[in-house]
Amino acid sequence: MRSTSVMLGALLPIVAVALMLKSLLVIQGVPDAFAEWVQSVSASKVAILLAMNVALLIVGCLIDGISAILLLAPMMLAVGTAIGVHPIQLGIIIVLNLEIGLLTPPIGMNLLIASRSFGTRVSDVAGSAVPFILLMLAVLVLVTFWPGLSLALIG
């Protein structure tokens, strides 16, 4: 109970700040302005999806998933809607990217947890995670560019 309290005590302020920042961004209209800017930079749906994936992978490597979703989901939803990506497909793309980030250094939260659990170095765990990261990247490409894969069950 003590370790859980300590972990939540560290996590909840981060989530609270992320929620406040998200609300501020939405009130100020940043997601819509960001979507308009992205469309003005590139009209290609493929280029925008690739840029979104790269940005989400980088963010996933540096920030925990909950905070990243709270901060980026409104902007990514605005961009995705503007280019015609279904919200469910976009949600799967966001979660996949952030999960890959959790397995990737420099932060790699799941790598840190696994190394502590197994009593080994992070570099050993990272090396073992490479095949899974490659498999997840392949799935990410399929989900990103084949909408039917992620939308088959809803309709």
Side-chain angles (χ1 to χ4, degrees), residues 1-116 122 125-126 129 132-133 136-137 139-151 153-155:
M1 187 168 182
R2 177 175 285 174
S3 65
T4 301
S5 299
V6 169
M7 184 176 65
L8 285 176
L11 184 62
L12 288 179
I14 294 169
V15 172
V17 170
L19 281 171
M20 287 187 294
L21 183 59
K22 177 198 70 115
S23 297
L24 177 67
L25 292 174
V26 169
I27 289 169
Q28 295 298 320
V30 172
D32 294 328
F34 181 71
E36 289 175 19
W37 176 77
V38 167
Q39 283 186 305
S40 71
V41 171
S42 174
S44 168
K45 181 177 180 177
V46 173
I48 292 171
L49 284 171
L50 285 173
M52 286 173 64
N53 279 327
V54 169
L56 285 165
L57 284 171
I58 291 169
V59 168
C61 291
L62 302 173
I63 302 174
D64 70 288
I66 295 171
S67 298
I69 289 172
L70 291 173
L71 289 173
L72 297 177
M75 287 187 281
M76 294 296 169
L77 182 61
V79 172
T81 303
I83 62 172
V85 176
H86 194 281
I88 291 176
Q89 179 189 8
L90 185 64
I92 294 170
I93 290 169
I94 291 171
V95 170
L96 272 170
N97 274 297
L98 296 177
E99 180 55 38
I100 293 168
L102 287 173
L103 291 173
T104 309
I107 305 297
M109 189 112 36
N110 285 357
L111 294 178
L112 296 173
I113 292 169
S115 70
R116 286 187 184 173
V122 174
V125 177
F132 298 102
I133 293 170
M136 290 175 71
L137 285 169
V139 170
L140 177 63
V141 169
L142 286 173
V143 167
T144 300
F145 298 108
W146 184 21
L149 183 64
S150 56
L151 301 175
L153 294 177
I154 64 164

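Side chains are part of it too, since the values below use all heavy atoms of this structure and drop only hydrogens, waters and symmetry mates.
For the atom pair Gln89 CD and Trp146 CH2, the distance stands at 12.0 Å (nearest 0.5 Å). Atoms CD1 and CG, on Ile93 and Leu140 in that order, are 7.0 Å from each other to the nearest 0.5 Å.
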Given side chain to side chain contact (heavy atoms under 4.5 Å, CB included), test Glu99 with Leu96 step by step and report yes or no. CA-CA 5 Å; Glu99 180 55 38; Leu96 272 170; 5.7 Å; no
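The side chain to side chain contact (heavy atoms under 4.5 Å, CB included) test applied to Ala73 returns Ile69, not counting sequence neighbours.
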Donor-acceptor pairs under 3.5 Å, side chain of residues 78-88 to any protein atom, not counting sequence neighbours: which ones?
unit_1: Thr81; atom_1: OG1; unit_2: Leu77; atom_2: O; d: 2.7
unit_1: His86; atom_1: ND1; unit_2: Ile88; atom_2: N; d: 3.1

Tabulate below the donor-acceptor pairs under 3.5 Å that side-chain atoms of residues 48-58 make, not counting sequence neighbours, or state none.
unit_1: Asn53; atom_1: OD1; unit_2: Asn97; atom_2: ND2; d: 2.7
unit_1: Asn53; atom_1: ND2; unit_2: Leu49; atom_2: O; d: 3.4
unit_1: Asn53; atom_1: ND2; unit_2: Thr144; atom_2: OG1; d: 3.2

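Here the options are Leu142, Ile92, Val139, the test is side-chain contact (heavy atoms from CB on, under 4.5 Å), and the partner is Leu149; only Leu142 passes.
Heavy-atom neighbours of Phe132 CZ from other residues, nucleotides or ligands within 6.0 Å: at or below the threshold of 12.
Shortest non-hydrogen contact noted between Gly65 and Leu102 is N-CD2, 4.5 Å.
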